[in-house]
Structure formats: C-alpha cells, structure tokens
Asks: 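Quick one: structure below, then a few questions.
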Amino acid sequence: MGHALSMDLRTRLLAAIDEGLSCRAAAARFGVAPSTAIRWEMRRRETGSFAPKPQGGDVRSRRVEGRSADILALWEARKDISLEELRVALAEAGLTVSVAGLHRFFARRGMTRKKGLGTPSSKTDPTS
C-alpha cells in the first residue's frame with residue numbers, strides 16, 4: 001500500500017489554487033495527478049480538512065461484530081460445531097462470512113476452536 005502524500009505538498013498545492021491557479025494547473029506545477037488536486041480541493045471545501053484519510057485496517061469485521069450475539073448463540077448451542085458448519089448455519093440466518101473471518105472473530109475473544117484429541121494420550125507411545 002502506498003503512502004499518503006505529505007501535508008506540505010498538500011498545503012502548497014492548495015495555496016496555489018487559492019492564489020488563482022486552476023486545479024489542473026496546480027497539479028501540473030507540483031507534479032501530481034489532476035484528479036488528486038481536484039479531490040483535495042473538494043475535500044477541503046466539504047470538510048474543512050485536507051489531511052489524508054486513514055489507510056488500511058479491518059473494514060469487514062464490523063458486520064460480524066454486529067451479529068456477535070447470533071454467532072455466540074449458535075456456538076453455545078453446539079460447542080463441538082466446526083467453523084464450516086457454523087459458517088453454513090450463519091449463511092442460513094442471513095450472515096455471509098468466511099471461515100477465516102469466523103476464526104478471527106473467535107481469536108479476538110481469546111476463544112480457541114480446536115477440538116480435543118480423539119483418543120486419550122498414551123504414556124508409552126506418542127499420540128499422532
């Protein structure tokens with residue numbers, strides 16, 4: 001992911017626009033794309049700020065966290081349910097989520113979803 005352009009460049013470009021240059025002329029002068037200058041000017045007009053927006057981060061877990069009560073209720077009803085079975089049950093309830101998304105949901109809560117060994121541990125031979 002690229003880095004946001006500096007506030008110094010943004011300030012100088014917008015000052016040139018304030019002095020009467022068009023957005024396209026200011027963009028050519030400072031070596032940025034015309035669409036960038038237009039976006040910065042439009043954002044400054046709309047919000048009063050031209051600082052870069054936050055980049056990256058998790059944007060999808062909001063949906064899953066919003067339905068956390070449903071997920072935990074299904075898990076409480078059947079503690080031995082696999083993540084794939086849970087995903088299918090949630091899809092039937094109207095929440096589309098991946099197995100990896102469910103794994104991250106439980107990891108955020110410190111809950112492990114691993115199942116125990118099918119056989120008791122052997123004292124003489126290692127269990128594989």
Asks: Do you know the tightest heavy-atom contact between Pro34 and Ala27?
Replies: CA-CB, 3.7 Å
Asks: Which atom pair, heavy atoms only, marks the closest approach of Ser22 to Ile17?
Replies: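 Closest heavy-atom pair between Ser22 and Ile17: O-CG1, 4.3 Å.
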Asks: Test side-chain contact (heavy atoms from CB on, under 4.5 Å) on Arg43 and Lys53; report intermediate values, then the result.
Replies: CA-CA 10 Å; Arg43 183 156 184 232; Lys53 293 179 185 176; 3.5 Å; yes
Asks: Please step through side-chain contact (heavy atoms from CB on, under 4.5 Å) for the pair Leu13 and Arg29, ending with a clear verdict.
Replies: CA-CA 8 Å; Leu13 185 136; Arg29 181 176 176 185; over 6 Å; no
Asks: Which heavy-atom pair separates Cys23 from Ala37 by the least distance, and what is that distance?
Replies: O-CB, 3.5 Å
Asks: Please confirm whether the backbone N or O of Gly101 pairs with a side-chain atom of Ser98, one donor and one acceptor, at under 3.5 Å?
Replies: yes
Asks: When you compare the side chain of Glu85 with that of Arg78, does any pair of heavy atoms fall below 4.5 Å?
Replies: yes
Asks: Hydrophobic clusters here meaning ILVMFWY residues chained together by side-chain heavy-atom distances under 4.5 Å, can you tell me if Val88 and Ile71 are in one?
Replies: no
Asks: Using the rule that Ile, Leu, Val, Met, Phe, Trp and Tyr join whenever any side-chain heavy atoms are under 4.5 Å apart, tell me whether Met42 and Trp40 fall into a single cluster.
Replies: no
Asks: When clusters are formed by joining ILVMFWY residues with side-chain heavy atoms under 4.5 Å apart, either directly or through shared neighbours, do Phe30 and Leu21 land in the same one?
Replies: no
Asks: Would you call Arg62 and Glu65 a salt bridge, taking side-chain N to carboxylate O under 4.0 Å as the test?
Replies: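 Salt bridge absent between Arg62 and Glu65.
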Asks: Among Leu102, Leu83, Ile81, find the residue that satisfies the side chain to side chain contact (heavy atoms under 4.5 Å, CB included) test when tested with Trp75.
Replies: Ile81
Asks: Can you list the steps and then say if Phe105 with Ser68 is a side-chain contact (heavy atoms from CB on, under 4.5 Å)?
Replies: CA-CA 8 Å; Phe105 171 82; Ser68 63; 3.6 Å; yes
Asks: Donor-acceptor check, side chain of Arg10 to backbone of Phe50, threshold 3.5 angstrom: yes or no?
Replies: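 Yes, the answer is positive, given that a donor and an acceptor are paired below the 3.5 Å cut-off.
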Asks: Within 45° of the ring axis of Phe106 and under 6.0 Å from its six-membered ring centre, is that where the NZ or CZ of Arg108 lies?
Replies: no
Asks: For Glu41 and Ile38, indicate whether the former's side chain and the latter's backbone hold a donor-acceptor pair under 3.5 Å.
Replies: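 Judged by distance alone, no pair lies under 3.5 Å.
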Asks: Charged N to carboxylate O below 4.0 Å: is that the case for Glu84 and Arg87?
Replies: yes
Asks: Answer with yes or no whether the hydrophobic clustering places Leu14 together with Met7; edges join I, L, V, M, F, W, Y residues whose side-chain heavy atoms lie under 4.5 Å apart.
Replies: yes
Asks: Output yes when a side-chain donor or acceptor of Arg67 lies under 3.5 Å from a complementary backbone atom of Arg63, and no otherwise.
Replies: no
Asks: Kindly work out whether a path of hydrophobic side-chain contacts (I/L/V/M/F/W/Y, heavy atoms less than 4.5 Å apart) joins Leu72 to Leu86.
Replies: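 Same hydrophobic cluster.
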Asks: Are the side chain of Thr36 and the backbone of Val32 linked by a donor-acceptor contact shorter than 3.5 Å?
Replies: no
